[in-house]
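No hydrogens, no waters, no symmetry mates; every other heavy atom, side chains included, goes into these values.
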Amino acid sequence: MLSKIIHTEETNQREIIKAFGQAKDGKIVILTIHGVPDIEHPWVNTPPQLFKEYLQYLDANDFTVISMKDLEDYIDVEAAEKSIIPDFSRKLNN
């Protein structure tokens, strides 16, 4: 089950760490990292040192990190697509 999709940026480190904590009881967290760094798109920039801190946190806390392509090894994609209903009335956070 999908817990939360988070877009990383240099100002939301607390939100990212909090999202990591939601990856339990069969739930996953998806991080979208656009660039390390992303000079052309500073609103989604992740500084290299911050990215390194994320990786160290994930390693220290025994997380399994996979690509989106490999997600189908863990979930039934067709069932997930049917269960996810986007709510376009809500304001986007990122």
Side-chain angles (χ1 to χ4, degrees):
M1 164 159 299
L2 180 64
S3 177
K4 194 166 190 178
I5 298 176
I6 301 290
H7 297 273
T8 65
E9 59 183 70
E10 59 188 295
T11 60
N12 68 343
Q13 181 177 7
R14 285 187 191 158
E15 184 180 7
I16 299 299
I17 298 300
K18 183 178 175 183
F20 290 157
Q22 295 178 19
K24 58 185 174 186
D25 302 326
K27 293 184 179 180
I28 63 171
V29 172
I30 298 173
L31 295 180
T32 303
I33 299 176
H34 296 277
V36 181
D38 194 331
I39 305 301
E40 290 189 38
H41 308 99
W43 59 91
V44 291
N45 178 56
T46 303
Q49 181 56 39
L50 182 55
F51 181 70
K52 183 177 178 180
E53 288 176 30
Y54 291 151
L55 294 180
Q56 290 170 336
Y57 180 93
L58 294 169
D59 182 52
N61 290 280
D62 297 320
F63 279 79
T64 299
V65 178
I66 63 170
S67 69
M68 290 294 288
K69 178 182 173 287
D70 295 330
L71 188 57
E72 66 187 4
D73 293 341
Y74 294 86
I75 66 168
D76 180 339
V77 176
E78 289 182 21
E81 286 176 339
K82 292 176 186 173
S83 70
I84 298 172
I85 302 170
D87 182 354
F88 296 113
S89 68
R90 292 178 47 187
K91 182 180 180 280
L92 297 177
N93 291 328
N94 287 336

Leu50 CG to Asn45 CG distance, which is reported to the nearest 0.5 Å: 9.0 Å
Inter-residue atom distance Glu53.CD - Leu55.CG, 0.5 Å rounding: 10.5 Å
Distance in Å, Met68 CE paired with Leu31 CG, rounded so as to fall on 0.5 Å steps: 10.5 Å
Exercise: identify the closest heavy-atom pair between Pro48 and Val36: CA-CG1, 3.5 Å
N/O donor to acceptor pairs below 3.5 angstrom from side-chain atoms of residues 56-64, sequence neighbours left out:
unit_1	atom_1	unit_2	atom_2	d
Asn61	ND2	Tyr57	O	2.8

Co-membership, hydrophobic cluster, residues Trp43 and Ile39, 4.5 Å side-chain: no
Over all atoms of both residues, closest heavy-atom pair of Val44 and His34: CB-CD2, 3.4 Å
Shortest non-hydrogen contact between Val29 and Ala19, atoms and distance: CG2-O, 2.9 Å
Pair up each side-chain donor or acceptor in residues 69-78 with any protein partner under 3.5 Å, not counting sequence neighbours, and list the distances.
unit_1	atom_1	unit_2	atom_2	d
Asp70	OD2	Ser67	OG	3.2
Asp76	OD1	Glu78	N	3.2
Asp76	OD1	Ala79	N	3.2

